[in-house]
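Note that the structure is predicted; figures quoted are calculated from it, not measured.
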Amino acid sequence: MPVVHVREPRDGANCGFAALLTLADGQSVFVKGQPDGGPLDEFDREEQVSRALPRCAPRVLWRLYAGGWHVMAFEGIDGERAAYEPDSVELGLVVKALTEVGLCVAPRVRLMTVWDRWGYYCDPADRAHLSGLHLLHTDPAPQNLLIDDAGAHLVDWAWPALGPGWVDAALWGVRLMSDGGHRPEQAHRWVSQVPAWSSAAPEALRVFTRAEAASWSDAAKGAPDVANIAQAAREWANYWT
């Protein structure tokens, strides 16, 4: 099928190249690629979980190697990044997407767990608080929630994990504060609308939000551009502590 239009991602790309292609029949396909020698672990993870994703997430269409490039194609979403401000009408759409994710069955493949990723910042005795078998996205940043006429679409499944179903909502709380300017109590009201949130025990929230804050504090030491996220994560953790 001929390509009639090519558009680069509005928020850039974390790989060798990425583009949204419009085909002659009007369909959209999102493609991204890595050159030889580039990291492919994110491609592998996205391919692993593709079939298990809910309807709000675009699936992998194909993967190929040609001309020194590893290329992967996804169902295309011609949407805009979600607005996280407190008065945004799109927040309800994000709640619906996170609700869908909370209902999907994890694939029978080996994935990183929440403990694998955040356990470094926890006491070993807290491991049970972060255990679970739910499939998680783990990065509900506004650029990963695209809005179109059909609703909110959760894209870029490069860091899926297995863990408690409430974790994505807890991570969204940080982003509501850092990217939307919410106060902790405002973020709390929104994340509590995600059904999986009701299963979060207070002590588990304290353990996880402290670990997330510590993780962002470490990241900010070498990347000053994420200092606002680190600050939001600390305020979110303090709210639960």
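- Sorted by first and then second residue, the salt bridge (charged side-chain N to carboxylate O under 4.0 Å, His left out) pairs with a member in residues 51-68 read Asp44-Arg63, Glu47-Arg63; sequence neighbours excluded.
- Tyr120 and Val114 are not part of a single hydrophobic cluster, where members link through side-chain heavy atoms under 4.5 Å apart.
- In this structure, Glu235 and Val174 have side chains that are not in contact, with every pair of non-hydrogen atoms separated by 4.5 Å or more.
- Put simply, OH on Tyr121 and CD on Glu212 are 9.5 Å apart, with the number rounded to the nearest 0.5 Å.
- Shown here for Gly68 and Tyr65, the closest heavy-atom pair between the two residues is CA-OH, 3.4 Å.
- Taking OG of Ser217 as the start and CD1 of Ile229 as the end, the distance is 11.5 Å to the nearest 0.5 Å.
- Applying the salt bridge (charged side-chain N to carboxylate O under 4.0 Å, His left out) test to Asp41 and every residue at least two apart in sequence or in another chain returns Arg45.
- Under the 4.5 Å side-chain heavy-atom criterion for grouping Ile, Leu, Val, Met, Phe, Trp and Tyr, Leu205 is connected to Tyr239 within one hydrophobic cluster.
- With respect to Trp157, the side-chain contact (heavy atoms from CB on, under 4.5 Å) criterion is satisfied by exactly one of Val60, Thr138, Leu135, Leu136: Leu135.
- Between the CG atom in Asp168 and the CH2 atom in Trp197 there is a gap of 11.5 Å [rounded to 0.5 Å].
- Scanning both residues, Met177 and Ala187, for their nearest heavy atoms gives CG-CB, 4.1 Å.
- Sorted by first then second residue, the ring-ring contact (aromatic ring centres under 6.0 Å, His included) pairs that include residues 202-222, not counting sequence neighbours, are Trp118-Phe208, Trp166-Phe208.
- Sorted by first and then second residue, the pairs that involve residues 169-185 and meet salt bridge (charged side-chain N to carboxylate O under 4.0 Å, His left out), not counting sequence neighbours, are Asp139-Arg175, Arg175-Asp179, Arg183-Glu185.
- Through side-chain heavy atoms spaced under 4.5 Å, either directly or across other Ile, Leu, Val, Met, Phe, Trp or Tyr residues, Leu133 is tied to no other residue.
- Scanning for side chain to side chain donor-acceptor pair (under 3.5 Å) contacts around Glu75 gives an empty result, with sequence neighbours left out.
- Applying the ring-ring contact (aromatic ring centres under 6.0 Å, His included) rule to pairs touching residues 20-64 yields nothing, sequence neighbours excluded.
- Contact of the Pro39 side chain with the Gln34 side chain is registered, since non-hydrogen atoms from C-beta on lie closer than 4.5 Å.
- When all heavy atoms of Leu130 and Ala204 are compared, the pair lying nearest together is CD2-O, 4.4 Å.
- When all heavy atoms of Asp225 and Asn228 are compared, the pair lying nearest together is O-OD1, 3.6 Å.
- Using a distance-only test at 3.5 Å, with no hydrogens or angles considered, no donor-acceptor pair links the side chain of His137 to the main chain of Ala158.
- Counting only residues at least two apart or in different chains, salt bridge (charged side-chain N to carboxylate O under 4.0 Å, His left out) contacts with residues 112-129 are absent.
- Residue Pro142 comes nearest to Arg81 through the heavy atom pair CG-NH2, 3.0 Å, listed as atom of the first residue, atom of the second, then distance.
- Using cut-offs of 30° and 60° on the angle between ring planes, the pair Trp240 and Trp236 is perpendicular.
- We find the SG-CG distance between Cys56 and Leu98 to be 8.0 Å, quoted to the nearest 0.5 Å.
- Listed by chain and number, the residues in a ring-ring contact (aromatic ring centres under 6.0 Å, His included) with His129 amount to none (sequence neighbours excluded).
- Atom CG of residue Leu111 and atom CD of residue Gln48 lie 5.5 Å apart, to the nearest 0.5 angstrom.
- In this structure a side-chain-to-backbone donor-acceptor pair under 3.5 Å is missing from Ser215 to Ala211.
- To the nearest 0.5 Å, atom CG of residue Leu154 and atom CD1 of residue Ile77 are 11.0 Å apart.
- Clustering ILVMFWY residues whenever any of their side-chain heavy atoms sit less than 4.5 angstrom apart, transitively, puts Phe74 in a cluster other than the one holding Ile147.
- Remark: Lys32 engages Glu46 in a salt bridge, criterion side-chain N to carboxylate O under 4.0 Å.
- When every heavy atom of Val105 is checked against every heavy atom of Ala52, the shortest pair comes out as O-CB, 3.6 Å.
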From CA spacing to verdict: side chain to side chain contact (heavy atoms under 4.5 Å, CB included), Val155, Leu145: CA-CA 6 Å; Val155 304; Leu145 271 296; over 6 Å; no

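- By the criterion of side-chain heavy atoms lying less than 4.5 angstrom apart, applied directly or through intervening Ile, Leu, Val, Met, Phe, Trp or Tyr residues, Leu20 is not grouped with Leu23; the two fall into different hydrophobic clusters.
- Residues Trp69 and Val31 share a hydrophobic cluster, clusters being chains of Ile/Leu/Val/Met/Phe/Trp/Tyr side chains in contact below 4.5 Å.
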Can you give the donor-acceptor pairs under 3.5 Å from side chains of residues 85-97 to other protein atoms, not counting sequence neighbours?
| residue | atom | partner | partner atom | Å |
| --- | --- | --- | --- | --- |
| Ser88 | OG | Ala83 | O | 2.8 |
| Ser88 | OG | Glu90 | N | 3.0 |
| Glu90 | OE1 | Ala83 | N | 2.7 |

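- Remark: Asp148 engages His153 in a side chain to side chain donor-acceptor pair (under 3.5 Å) (not counting sequence neighbours).
- Applying the salt bridge (charged side-chain N to carboxylate O under 4.0 Å, His left out) test to pairs two or more places apart or on separate chains, none has a residue in residues 97-108.
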Kindly determine whether Gln143 and Asp156 satisfy side chain to side chain contact (heavy atoms under 4.5 Å, CB included), including the steps that lead there. CA-CA 9 Å; Gln143 63 267 27; Asp156 195 357; over 6 Å; no

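- In this structure, a donor-acceptor pair under 3.5 Å is present between the side chains of Arg234 and Gln231.
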